[in-house]
Number of protein chains: 2
Amino acid sequence: MRISARADYAVRAALQLAASQEDGPVKAEAIATAQDIPHKFLEGILNDMRRGGLVASQRGVNGGYRLARPAADISIADVIRVVDGPLVSVRGVRPPDLSYTGPAEALLPLWIALRSNVREILDGVSLADVATSRLPADVSALTHTPDAWVNP
Amino acid sequence: MRISARADYAVRAALQLAASQEDGPVKAEAIATAQDIPHKFLEGILNDMRRGGLVASQRGVNGGYRLARPAADISIADVIRVVDGPLVSVRGVRPPDLSYTGPAEALLPLWIALRSNVREILDGVSLADVATSRLPADVSALTHTPDAWVNP
DNA sequence: AGTATCCCTACCATTCCGATGGGAAAGATG
DNA sequence: CATCTTTCCCATCGGAATGGTAGGGATACT
């Protein structure tokens with residue numbers, strides 16, 4: 001279960017925009033420096049987010065990027081879907097399009113359960129939540145068990 | 001959030017072995033045909049599982065593969081970890097090794113919460129559970145909401 | 001010996017990550 | 001109005017990982 005570099009960078013860039021929402025447009029270069037993201041790679045990601053309607057861009061001297069909607073109205077899942085397609089996929093296909101046979105038949109409901117769980121978290125957390133470090137109570141509760149922080 | 005082809009194939013192969021546990025070793029070719037997996041690719045995956053101690057192999061005329069432990073003692077997470085490394089990773093690094101700055105700081109607890117949720121499912125479901133189509137009640141409950149089966 | 005099966009190495013195609021080099025538009029300035 | 005700078009925008013290219021193929025060697029049983 002891997003979260004791609006594109007997705008991670010996109011979310012961080014969006015968070016940076018959420019934090020600078022009042023200060024007018026933010027340049028790609030400024031985001032790249034603040035978040036330590038390869039800046040040319042970031043430009044492509046910002047472009048995807050623009051085409052996906054998450055951010056708006058402004059060229060010229062005092063240009064840059066800004067969020068197209070309030071940060072509280074954009075979920076982490078929204079960002080990931082725009083830059084990476086389906087939130088969770090198996091071999092590149094989304095769970096309902098899979099078909100398993102024999103003893104693997106019950107694998108489909110398992111992936112469905114997994115996706116449902118992932119959605120519950122990523123759909124339920126907004127950019128504003130993360131940018132202000134105020135995660136919803138149910139998500140925060142998951143981090144309070146000490147086991148959650150150690151590697152297997 | 002992508003589950004790799006290796007992981008999907010590995011789990012399906014392990015399920016096939018779980019279902020044929022009594023019948024002696026199963027040939028790679030037989031698994032490949034039953035589950036429609038490219039058989040040379042599958043051989044490499046079975047090799048990883050052997051090195052990881054999940055399956056045992058037997059060469060020669062009546063050879064093949066079998067599970068090294070009872071199917072009830074192998075979780076889906078065990079299989080994925082053996083063939084794909086960490087269960088969930090961001091840009092290839094596991095969550096506790098990440099470091100975020102500025103407005104992205106709360107992203108780390110979010111990934112931790114996500115991983116904790118994924119673990120709860122994949123560590124808690126065994127090959128025997130899936131092979132017999134008897135998922136644990138809490139997992140099964142997640143599939144009972146109709147929304148879980150539709151795409152966004 | 002012979003054969004069936006696992007096992008190992010190398011290779012090809014595609015996608016992901018990232019770097020480079022410019023062009024196009026918007027605004028500032030003369 | 002013309003030009004210049006700044007910034008977004010676009011197209012291409014190279015290395016690494018993923019997904020998949022091919023051939024042959026090693027070993028266990030008959």
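Throughout, a chain's letter reflects where its sequence line sits, starting with A, and its residues are numbered from 1.
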Check: F41(A) has an atom CZ; how far is it from atom C1' of dA11(D), in whole Å?
Finding: 16 Å
Next item on the list: Have a look at G64(A) and say if it touches a base, only the backbone sugar-phosphate, or nothing, with a 4.0 Å heavy-atom cut-off.
Entry: sugar-phosphate
Item checked: Sequence-aligned protein contact record of nucleotides 8-15 of chain C, with B where the base is within under 4.0 Å of a protein heavy atom and S where only the sugar-phosphate is -> S-------
Checklist line | Interatomic distance, I37(A) CD1 vs dA19(C) C1' [rounded to whole Å] | finding: 16 Å
Next item on the list: Please state whether the phosphate of dG20(D), meaning OP1 or OP2, lies under 4.0 angstrom from any side-chain nitrogen or oxygen of Y9(B).
Entry: yes
Next item on the list: Answer yes if the side chains of D78(B) and S75(B) hold a donor-acceptor pair under 3.5 Å, and no otherwise.
Entry: yes
Next item on the list: Could you please spell out the steps behind the side chain to side chain contact (heavy atoms under 4.5 Å, CB included) verdict for L98(A) and R91(A)?
Entry: CA-CA 9 Å; L98(A) 295 165; R91(A) 277 178 295 124; 3.5 Å; yes
Note to self: Are more than 12 heavy atoms, taken from residues, nucleotides or ligands other than R134(A), located less than 6.0 Å from that residue's CZ atom?
What the structure shows: no
Item checked: Heavy-atom pair with the smallest gap, counting every atom of R119(A) and A148(B) -> NH1-O, 4.2 Å
Note to self: Can you see whether Y100(B) engages D36(A) through a side-chain donor-acceptor pair at a distance of less than 3.5 angstrom?
What the structure shows: no
Note to self: Rounded to whole Å, how long is the line connecting atom OH of Y65(A) with atom P of dT6(D)?
What the structure shows: 17 Å
Check: Under the ring pair (Phe, Tyr, Trp, His ring centres under 6.0 Å) rule, what pairs show up with a residue in residues 56-97 of chain A, not counting sequence neighbours?
Finding: none
Checklist line | Side-chain touch N62(A)/P25(A), heavy atoms, less than 4.5 angstrom | finding: no
Check: Sequence neighbours excluded, which residues qualify as ring-ring contact (aromatic ring centres under 6.0 Å, His included) partners of Y9(B)?
Finding: F41(B)
Next item on the list: Using distance alone, with no hydrogens and no angle criterion, decide if S126(A) and D129(A) have a side-chain donor and acceptor under 3.5 Å apart.
Entry: yes
Checklist line | W149(A)/T143(A) under side chain to side chain contact (heavy atoms under 4.5 Å, CB included): CA gap, chis, key distance, verdict | finding: CA-CA 8 Å; W149(A) 293 83; T143(A) 70; 4.1 Å; yes
For nucleotides 28-30 of chain C, which of its nitrogen or oxygen atoms have a protein nitrogen or oxygen under 3.5 Å away, and what is each distance?
none

Check: Does D8(B) pair with R2(B) as a salt bridge, N-O distance under 4.0 Å?
Finding: no
Check: How do G63(B) and R91(B) order along DNA chain C: which one's closest nucleotide is nearer the 5' end?
Finding: G63(B)
Check: Within a strict 4.5 Å, meaning less than it, do heavy atoms of the P109(A) and L135(B) side chains meet?
Finding: yes
Notebook entry, point to check: To the nearest angstrom, how far is L46(A) atom CG from dC8(D) atom C1'?
Noted result: 10 Å
Next item on the list: Rounded off to whole Å, could you give me the CG-to-P distance for the D8(B) and dT18(D) pair?
Entry: 16 Å
Next item on the list: Using atom CD1 of I45(A) as one end and atom P of dC8(D) as the other, report the distance to the nearest whole Å.
Entry: 14 Å
Checklist line | Greater than 12 external heavy atoms within 6.0 Å of R66(B)'s CZ | finding: no
Notebook entry, point to check: Under the side chain to side chain contact (heavy atoms under 4.5 Å, CB included) criterion, do Q21(A) and L17(A) qualify, and how do the steps go?
Noted result: CA-CA 6 Å; Q21(A) 217 165 184; L17(A) 292 180; over 6 Å; no
Next item on the list: Using a cut-off of strictly less than 4.0 Å between a heavy atom of the residue and any atom of DNA chain C, enumerate the qualifying residues of residues 52-60 of chain A by number.
Entry: Q58(A), R59(A), G60(A)
Check: Hey, can you pull the residues of residues 18-36 of chain B with a non-hydrogen atom under 4.0 angstrom from DNA chain D?
Finding: none
